[in-house]
Amino acid sequence: MIKPSMLRSLQSAVSRGSSQLARRGYSSESTPERKVVVLGAAGGIGQPLSLLMKLNPLVSSLSLYDIAGTPGVAADVSHVNTRSEVAGYQGEGELGKALEGADVVIIPAGVPRKPGMTRDDLFNINAGIVKSLCTAISKYCPKALVNMISNPVNSTVPIAAEVFKKAGTYDEKRLFGVTTLDVVRAKTFYAGKANVPVAGVNVPVVGGHAGITILPLFSQATPKANLDHDVIVALTKRTQDGGTEVVEAKAGKGSATLSMAYAGALFADACLKGLNGVPDVVECSFVQSNVTELPFFASKVRLGKNGVEEVLGLGALSDYEKQGLENLKPELLASIEKGIKFAKQ
Ligand SMILES: NC(=O)c1ccc[n+]([C@@H]2O[C@H](COP(=O)([O-])OP(=O)(O)OC[C@H]3O[C@@H](n4cnc5c(N)ncnc54)[C@H](O)[C@@H]3O)[C@@H](O)[C@H]2O)c1
Ligand SMILES: O=C(O)C[C@H](O)C(=O)O
């Protein structure tokens with residue numbers, strides 16, 4: 001139960017946060033108009049993500065789309081007294097209106113895993129959903145930054161790229177696979193083992209977003225902590241299996257939704273800051289890449305006014321990470337090729 005004293009401190013934290021944001025130039029007077037669209041807004045991720053985007057002062061227009069259930073979510077979220085105007089759209093007939101004028105489109109549309117499934121088991125359903133949504137994006141908002149959350153990300157991002165290529169709208173700087181949840185997990189697990197405050201922790205996570213393709217670079221984690229090799233191995237495995245940990249704990253009721261909404265909101269916020277010209281915005285993301293021989297790869301990316309400003313290299317890897325990198329390449333390549341093949345059919 002929330003006590004009045006807790007509520008008062010929450011209110012004062014929010015008000016301190018708003019004045020800090022205003023000092024950093026995020027007040028509604030000085031920030032540009034930005035439209036953010038959530039596709040799959042009535043789902044497990046979509047609902048809390050819509051709320052978190054409503055709390056973001058960089059958003060002026062929040063467009064919530066799903067095949068069903070969006071009027072209720074939009075009405076609910078719209079009562080929150082923050083800057084953005086909220087509109088709900090339901091069904092394919094309203095998809096165009098939902099997308100028109102978008103700066104950022106976030107896609108958590110699709111089915112989640114149940115225990116015993118891999119992310120690739122979602123391919124048959126989610127590939128078609130992503131393909132049709134991306135076809136609409138290329139028609140109604142071809143310049144938007146696309147934040148792909150729907151799994152399997154290792155395949156859905158290549159599918160989106162092929163759809164955009166076919167439509168003649170592909171810009172590799174504007175397509176992102178959201179791998180922020182891997183970073184969020186790596187930071188949390190590392191802070192626990194290193195016994196340091198999590199707020200100051202940084203851990204790059206590279207590769208892809210499934211099992212061993214998720215490669216956290218704990219050798220580059222800051223603040224430094226001299227953790228034993230077996231602890232690093234355990235942390236790596238826990239980060240790689242983080243999604244499965246949640247799927248099993250939810251026991252058939254889906255996969256990560258709340259932590260994913262948080263991670264998705266962080267990444268969308270970084271995209272908006274980049275668009276608005278805030279310097280040095282760097283996040284890990286699964287993008288078209290020359291960092292390895294694979295055509296798509298997650299690594300640190302500098303975000304700017306056109307989306308990807310620079311795909312950053314891997315930096316120095318430990319021998320364990322070098323081995324992990326080689327181990328992940330065949331699986332990641334197969335998932336990328338599966339997506340491309342599907343989209344080309
Ligand atoms: N990238 C990541 O780190 C990450 C993390 C967690 C979950 N996910 C993935 O996100 C996806 C969504 O997960 P969830 O838990 O929110 O699932 P959910 O079933 O709770 O919600 C999905 C929503 O998508 C909607 N939808 C289905 N087809 C649609 C279409 N054609 N257009 C618009 N909306 C459509 C559904 O109506 C539903 O509301 C899953 O594929 C899941 O695996 C990714
Ligand atoms: O694990 C899943 O299926 C969902 C998501 O990819 C996650 O990492 O939590």
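Keep in mind that the numbers below use all heavy atoms, side chains included, and drop hydrogens, waters and symmetry copies. Remember, it's 1-based here, ligands and their atoms both numbered in the order they're listed.
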Contact region, T180 to ligand 1, non-hydrogen atoms below 4.0 Å, reads neither
Please indicate whether any nitrogen or oxygen in I45 is less than 3.5 Å from any nitrogen or oxygen in ligand 1. yes
Side chain, backbone, both or neither: R119 near ligand 1, heavy atoms under 4.0 Å: neither
Part of D182 with heavy atoms under 4.0 Å of ligand 1, whether side chain, backbone, both or neither: neither
With sequence neighbours left out, the residues meeting ring-ring contact (aromatic ring centres under 6.0 Å, His included) with F267 are F176
Between E100 and K97, is the salt bridge (Lys or Arg N to Asp or Glu O under 4.0 Å) condition met? List the steps. CA-CA 5 Å; E100 263 167 11; K97 268 192 285 170; over 6 Å; no
Closest approach of L64 to A41 (non-hydrogen atoms, all atoms of both residues): CB-CB, 3.7 Å
Proximal atoms of ligand 1 relative to V153 (non-hydrogen, under 4.0 Å): 1 (N)
So E245 and K237, salt bridge (Lys or Arg N to Asp or Glu O under 4.0 Å) or not? Walk me through it. CA-CA 11 Å; E245 187 178 317; K237 185 142 178 39; over 6 Å; no
Would you say NZ of K193 has more than 12 non-hydrogen atoms from neighbouring residues, nucleotides or ligands within 6.0 angstrom? no
Which ligand 1 atoms, with their elements, are less than 4.0 angstrom from a heavy-atom of Y65? 32 (N), 33 (C)
Residue pairs passing the ring-ring contact (aromatic ring centres under 6.0 Å, His included) test where at least one lies in residues 62-95, sequence neighbours excluded: none
Of all protein heavy atoms, the one nearest atom 6 (C) of ligand 1 is A256 O, 3.3 Å
Between F342 and F123, is the ring centre distance below 6.0 Å? yes
Distance from atom 19 (O) of ligand 1 to nearest protein heavy atom, with residue and atom: P112 CD, 3.5 Å
among protein heavy atoms, the one nearest atom 4 (C) of ligand 1 is M260 SD, 3.4 Å
Do any N/O atoms on V178 end up under 3.5 angstrom from N/O atoms on ligand 1? yes
Does H209, backbone or side chain, put an N or O under 3.5 Å from an N or O of ligand 1? yes
Is the side chain of S335 donor-acceptor paired with the backbone N or O of N154 at a distance under 3.5 Å, no angle test? no
Do F297 and V282 belong together in a cluster built from hydrophobic side chains that touch within less than 4.5 Å? no
For atom 41 (O) of ligand 1, find the nearest protein heavy atom and state the residue, atom name and distance (0.1 Å precision). V111 O, 2.9 Å
Option passing side-chain hydrogen bond (donor to acceptor under 3.5 Å, both in side chains) with R113 (candidates T118, D121, T244): T244
Closest protein heavy atom to atom 15 (O) of ligand 1, given as residue, atom name and distance to 0.1 Å: T257 CG2, 3.5 Å
How close do G264 and V178 get, heavy atom to heavy atom, and via which atoms? CA-CG1, 4.5 Å
What about V196 and L235, same hydrophobic cluster or not, with Ile/Leu/Val/Met/Phe/Trp/Tyr joined at side-chain heavy-atom distances under 4.5 Å? yes
Using the side-chain hydrogen bond (donor to acceptor under 3.5 Å, both in side chains) definition, which of the options T180, D182, T156 pairs with H209? D182
Could you find the nearest protein heavy atom to atom 42 (C) of ligand 1 and give me its residue, atom name and distance? N151 ND2, 3.8 Å
Taking non-hydrogen atoms only, is I129 closer than 4.0 angstrom to ligand 1 via side chain, backbone, both or neither? side chain
Nearest-contact summary for atom 37 (O) of ligand 1 - protein heavy atom, Å: D66 OD1, 2.6 Å
Strictly under 4.0 angstrom, heavy-atom based: which residues surround ligand 2? R113, R119, N151, L181, R185, H209, G243, S255, A256
Test of proximity, N126 against ligand 1: N or O pairs below 3.5 Å: yes
Y320-I214 co-clustered via ILVMFWY side chain contacts under 4.5 Å: no
Using a plain distance cutoff, I'd like to know if I149 has any nitrogen or oxygen under 3.5 Å from a nitrogen or oxygen of ligand 1. yes
Counting only N and O atoms by type, is there a donor-acceptor contact under 3.5 Å from the side chain of S299 to the main-chain atoms of L312? yes
Check ligand 1 against L122 and write out every atom of the ligand that is under 4.0 Å from a heavy-atom position of the residue. 43 (O)
Residues which pass side chain to side chain donor-acceptor pair (under 3.5 Å) with T82, listed by chain and number, not counting sequence neighbours: K54
Among G110, G43, G46, which residue places a heavy atom closest to atom 24 (O) of ligand 1? G110
Test your reading of the structure: does G44 have an N or O sitting under 3.5 Å from an N or O of ligand 1? yes
Considering only non-hydrogen protein atoms, determine which one is nearest to atom 35 (C) of ligand 1 and report residue, atom name and distance to 0.1 Å. A109 CB, 3.6 Å
Hey, is the main chain of S318 close enough, under 3.5 Å, to the side chain of E321 for a donor-acceptor pair? yes
Within the structure, is a non-hydrogen atom of G254 found at a distance of less than 4.0 Å from ligand 1? no
